[in-house]
Amino acid sequence: FLEDVKCQAAELQASDGRYQAQQRITQLLQIEILQLYSKVEMEAILVPDGPSQTCTNE
Amino acid sequence: FLEDVKCQAAELQASDGRYQAQQRITQLLQIEILQLYSKVEMEAILVPDGPSQTCTNE
Amino acid sequence: MADDPQRNFRSAYYEKVGFRGVEEKKSLEILLKDNPLDLEKLSTFSQRFPLPSMYRVHVWKVLLGILPPHSDSHSLVGSYRKEQYQDIMEALEVMRFIKSSTPSTHVYLRMFQLESHMLPRCSEISPPDQENEDFLSISQAMEEIVEDSVDCYWLIKSFISQFHTKFGDSVPHLPKSLEHFLSQEEPGLLSHLKNSGALAQLPYHLWFRRCFAGVLPESSLQRVWDKVISGSCKILVFVALEILLSYKIMLLGISRPEGIVKFLCNIPQENTDAIVTKAIDLWHKYCGTPIHAM
């Protein structure tokens, strides 16, 4: 049993590593989205009649 | 020890669940980013001299 | 497993009559059948003997903690490692940090930066600094040793992290240590390096931060990294020492420090295997044949 515990602990650690990487990815993607939105909006001001209404997902 | 093993098995499952959830979020964010990029690029074509060079992160 | 941990190691007798390779491979195979794997024995083995190339990547992965000691978990943990790799890669592609034409070493750098919270924002992208250059150089070398890209990324990342954690404090002292052993082996060469002003400018960075990546061809390099991964950074001093000793005559003939440095940054690639063999012998001579990992 002791070995089983250790064995699972290693699996848990690897699984957590994978989760943390995914969490980090989510953060970065969110930052990227914010930047892209502000870019899109800035352009929308420059081309008020263009097809550039920003999608607000609302 | 038997309890430890069971407990860790539950933790592993939880970790896996967390990962899957985070993965779904990532997928959605990625789709959003791809859409935003194509919007930004389309505008870049309309306003060739505008400030709309797409950021390539490179 | 034998009761006596030393029993599986080749005896002095075998060493003399040259049964080395076969004996060593068998010993390692026995160690690799253990479940859980005995990390200490595996470290001791790779401190003492070169790893057979067919087992090298596997042993490195175990020693660096990419795979756990329990063989039963290897496939599950391996699949987690692969997913993590793919997730990061995909995200970097979507965010346009990398594209299909990006060289793999740069892909690994971005992946590593993402994981260590050091990924630059797009507006801050600047040419790679010294630390990035070290990473790229180690990646380049690892790529030549390891075929599978998932393994390669994990090995680069874990090798670099382990090196910083374990040896970060020792690295600044390695030049002094080199000077010490050079004074024992070849005081004349040491004086020449001192008098010419070259001693302070030797390529310590390539030797002790990049662990000879880009200096030695991978066939020689992997035998040095066996020792580093299994727990010794002292080996780096002896490789540097042996390079100096091997090119003593050449170095004594160069008086300008820049000439010496230039030569040492681009040493001939022909007899590096012999240099590494002699370096390992010298290391064993001064530091003893390890019973436990240093």
Side-chain angles (χ1 to χ4, degrees), chain A, chain C residues 1 34-39 61-98 108 110-125 150-151 153-154 157-158 161-162:
Chain A
F1 277 135
L2 179 61
E3 284 310 315
D4 274 354
V5 172
K6 279 192 200 159
C7 174
Q8 286 194 334
E11 289 170 7
L12 186 59
Q13 206 179 16
S15 173
D16 266 353
R18 184 181 61 145
Y19 167 68
Q20 272 157 23
Q22 193 71 268
Q23 213 175 16
R24 177 76 194 129
I25 289 169
T26 309
Q27 283 170 357
L28 288 170
L29 292 174
Q30 285 171 341
I31 294 171
E32 183 85 6
I33 285 180
L34 291 177
Q35 284 176 344
L36 283 169
Y37 264 123
S38 68
K39 203 187 281 277
V40 168
E41 271 155 25
M42 209 192 289
E43 282 165 6
I45 295 165
L46 290 172
V47 200
D49 299 324
S52 43
Q53 293 84 7
T54 59
C55 163
T56 56
N57 272 339
E58 275 174 281
Chain C
M1 192 57 229
D34 276 349
N35 188 14
L37 296 162
D38 188 325
L39 293 186
K61 280 163 72 181
V62 171
L63 290 179
L64 289 171
I66 299 164
L67 289 178
H70 293 80
S71 317
D72 305 332
S73 303
H74 283 185
S75 85
L76 183 65
V77 169
S79 72
Y80 289 160
R81 302 304 192 202
K82 190 173 179 184
E83 278 178 313
Q84 190 169 331
Y85 171 91
Q86 287 166 339
D87 291 342
I88 297 169
M89 178 89 108
E90 199 181 277
L92 287 171
E93 271 168 5
V94 169
M95 292 186 283
R96 302 190 177 184
F97 277 94
I98 56 172
Y108 298 143
R110 294 293 181 224
M111 293 176 71
F112 183 76
Q113 287 177 327
L114 182 149
E115 289 205 82
S116 47
H117 295 226
M118 291 188 307
L119 193 64
R121 301 274 280 272
C122 66
S123 52
E124 295 161 2
I125 296 281
V150 177
D151 283 346
Y153 171 65
W154 274 95
K157 167 179 135 160
S158 310
S161 308
Q162 192 209 53

What's the shortest heavy-atom distance between S73(C) and E11(A), and which atoms? OG-OE2, 2.8 Å

A10(A) to V77(C) - nearest heavy-atom pair and separation: O-CG2, 4.3 Å

Could you tell me which non-hydrogen atom of E32(A) sits nearest to which non-hydrogen atom of M95(C), and how far apart they are? OE2-O, 3.8 Å

Identify the heavy atoms of Q84(C) and G17(A) that sit nearest to each other, and give their distance. OE1-C, 3.3 Å

Does CD in Q13(A) sit with more than 12 non-hydrogen atoms of other residues, nucleotides or ligands closer than 6.0 Å? no

Which is it for R24(A) and E115(C) under the side chain to side chain contact (heavy atoms under 4.5 Å, CB included) test, yes or no, and what are the steps along the way? CA-CA 7 Å; R24(A) 177 76 194 129; E115(C) 289 205 82; over 6 Å; no

Separation of C7(A) SG from L76(C) CG (nearest 0.5 Å): 9.0 Å

Which atoms of I31(A) come close to chain C, meaning under 4.5 Å heavy atom to heavy atom: side chain ones, backbone ones, both, or neither? side chain

Where on Q22(A) is there a heavy atom nearer than 4.5 Å to chain C: the side chain, the backbone, both, or neither? side chain

Looking only at heavy atoms, the pair that brings L119(C) and L28(A) closest together is CD2-CD1, 3.8 Å

Rounded to the nearest 0.5 Å, how far does CD of Q27(A) lie from CG of L114(C)? 9.5 Å

